[in-house]
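Indexing begins at 1, ligand by ligand and atom by atom, following the structure's order. Because the structure is predicted, anything quoted here is derived from the model rather than measured.
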Amino acid sequence: MIVGLLGGGVIGAGWAARFALNGHDVRLYDPDPDAERKVGEVVANARRAMRKLVMPALPAEGSISVVGSPDDAAHGSRFIQESAPERLDVKRELLQRASRAAPAEVVIASSTSGLLPTSLQDGMSHPERFVVGHPFNPVYLLPLVEVCGGARTAPATVAAAADLYRGVGMQPLVLGKEIDGFVADRLLEALWREALWLVNDGVATAEEIDDAIRFGAGLRWSFMGTFLTYRIAGGEAGMRHFMEQFGPALKWPWTKLTDVPDLTDALLDRLVAQSDQQAGGRSIRALEVMRDDCLVAVMQGLRSAAPGGVAAGAVLDRYERQLFGATPAPPVDLDAPAPVVAHEVRVPAEWTDYNGHLNDSRYLRIASEACDRFLRLIGVDAQYLADGHSYYTAECHLAYAAAARGGDVVRATAQLLHHDPKRIHLFIALWRGGDQLATAELMLLHVDTAESRACAADPTVLSTLERLAAAHSALPTPRQAGRSVGQPKSI
Ligand SMILES: NC(=O)c1ccc[n+]([C@@H]2O[C@H](COP(=O)([O-])OP(=O)(O)OC[C@H]3O[C@@H](n4cnc5c(N)ncnc54)[C@H](O)[C@@H]3O)[C@@H](O)[C@H]2O)c1
């Protein structure tokens, strides 16, 4: 699909990365002559971060063409996202122009942080296809997008935009009511205003204020937000007790509410100096890389915190399942007397260690992906899992033979050594061309996931295993099968 983007600054470039890395071709208009370079830098950062974030292969990357006018960007696009400066006149003109250039069924969204959709859609041709899709920086990593229609927006437009955003790994939050600043920015602004007061009044420095968030509340916010956190803070009596205890304090009040400090030169100088000291000479690009690495770590942590993940971890989990489902399993002849090719991956540079070699944990990751694909091949698909059955890995023996490097294409083959109704004994080999890189010998146990106990697999899974077993019975037992740690290689 082609996506048209209007504006390629911080947010527009983030959208370009999110769409292109999810396989969509992008046509981007930005009057800045330097836009192509800036977008390219953001996309390079995004590529690196996304490869770190997700386990399955991303789809083939879409192209990004920087075009000369908004009409060019709209041409042939099935969806348009505007991310021009936050000025009503600039946005209206662009949206009106794009709406005249794009057929009526093309949804047009705006990234505005706070302008009202009813006001933005004024004067557009077919305003019913307009919606706000308010993302968060970096757009390629943060899942949240607030989706908000105006008075003339059709409900189908809101649904279509939400579906499209979900398809590129995001979490749409559909707002029932338009309001200046939407929901997230109103919350952020309240905190930001208070932070400025604290600097203005000389109570705390920029760094101390950031510490107050990042060592405490910031950690909780990423998985529970505010309300659920405070419910727990109320102890066993929950929210009612919490409100009784801390509710009256709201009337004292501690905070400055809607007052804003005067943005005098003295306050700006103090803020800039404190911010410079905090950055410690690190460039914006270096800070972005650190930010992206930390976001990846947090989201991966939230995915593993509970089955199916928590908060942004649940979105990541759903997105990875989507990616797995979208990658067609390689065609396999179940009756061929050869190990099946279960997986192929190009080693990203970030998977290598200080020796330039594929880090040892990544061999297991590739073997584990190959094992997942083998299971899908024999019928353990999303429905099978939803029905309460799966295979769990009971044992794994990894043997390393040669080093892989960044950029190498690694192919994984799977040979069925043995099976019975409850178990699969599987042998996976990783190859670079004809060179064997590693082998993994696995024992998988079929389980009833609700009861967490072993049980017999479904008859259709077993009959596929029978077919594979018949084909693989002619294969020699691999030399490494059954080895113990430290055994001489000649054995
Ligand atoms: N920066 C954020 O954290 C953030 C977060 C969410 C939403 N937003 C919203 O996204 C939008 C863009 O913000 P940004 O931070 O990317 O700003 P930015 O200044 O980084 O980028 C704006 C881009 O628009 C280009 N531009 C100027 N006039 C244009 C025109 N007529 N047509 C097309 N492009 C034009 C500029 O050259 C620039 O590259 C704003 O509406 C903002 O409120 C920003």
Side-chain angles (χ1 to χ4, degrees), residues 3-19 26-43 45-46 64-75 77 80-102 108-121 123-124 130-148 150 161 165 168 170-173 175 178-189 191-192 195 275 284-285 287-288 291-292 295:
V3 175
L5 298 181
L6 306 172
V10 172
I11 295 303
W15 279 120
R18 173 137 334 235
F19 284 121
V26 168
R27 295 172 70 78
L28 181 147
Y29 166 68
D30 191 306
D32 178 356
D34 218 11
E36 192 156 359
R37 176 191 62 79
K38 291 184 189 164
V39 170
E41 284 180 18
V42 172
V43 173
N45 266 3
I64 298 179
S65 339
V66 175
V67 296
S69 72
D71 308 64
D72 268 356
H75 186 74
S77 293
I80 295 172
Q81 180 86 34
E82 168 275 316
S83 313
E86 189 76 342
R87 280 184 33 207
L88 188 60
D89 56 335
V90 174
K91 286 191 186 287
R92 268 196 182 151
E93 197 202 317
L94 264 177
L95 292 167
Q96 288 172 11
R97 201 161 156 187
S99 73
R100 286 194 297 272
I108 302 181
S110 170
S111 301
T112 179
S113 301
L115 300 173
L116 295 180
T118 296
S119 153
L120 286 168
Q121 70 192 159
M124 280 177 72
F130 174 77
V131 70
V132 163
H134 173 223
F136 293 80
N137 189 33
V139 179
Y140 51 84
L141 278 182
L142 288 187
L144 181 64
V145 53
E146 289 180 305
V147 180
C148 183
Y165 293 137
V168 293
M170 299 182 89
Q171 174 76 3
L173 177 66
L175 306 183
E178 61 179 318
I179 181 172
D180 297 300
F182 312 116
V183 172
D185 278 355
R186 290 178 84 96
L187 298 170
L188 294 177
E189 190 188 277
L191 182 74
W192 179 226
S275 177
I284 291 291
R285 289 281 173 255
L287 289 169
E288 281 173 346
R291 173 202 64 192
D292 288 359
L295 284 172

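- Taking the charged nitrogens against the carboxylate oxygens, D34 and R37 do have a contact shorter than 4.0 Å, which makes a salt bridge.
- Here the side chain of E146 pairs no donor or acceptor atom with the backbone of P135 at under 3.5 angstrom.
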Show the atom names and distances, to 0.1 Å, of all donor-acceptor pairs under 3.5 Å that link a side chain in residues 12-19 to residues at least two apart or in another chain.
residue: W15; atom: NE1; partner: S111; partner atom: OG; Å: 3.0
residue: R18; atom: NE; partner: V139; partner atom: O; Å: 2.7
residue: R18; atom: NH1; partner: V168; partner atom: O; Å: 2.6
residue: R18; atom: NH2; partner: V139; partner atom: O; Å: 3.0
residue: R18; atom: NH2; partner: Y140; partner atom: O; Å: 3.2
residue: R18; atom: NH2; partner: L142; partner atom: O; Å: 3.2

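- D180 is linked by a side chain to side chain donor-acceptor pair (under 3.5 Å) to nothing, counting only residues two or more places apart in sequence or in another chain.
- Residue pairs satisfying the salt bridge (charged side-chain N to carboxylate O under 4.0 Å, His left out) criterion with at least one member in residues 133-144, sequence neighbours excluded, are absent.
- Other residues, nucleotides and ligands contribute at most 12 non-hydrogen atoms within 6.0 Å of the CD atom of E93.
- Ordered by chain and residue number, the residues placing a heavy atom less than 4.0 Å from ligand 1 are G7, G8, G9, V10, I11, Y29, D30, P31, D32, S83, A84, P85, E86, V90, K91, L94, S111, T112, S113, H134, P135, N137.
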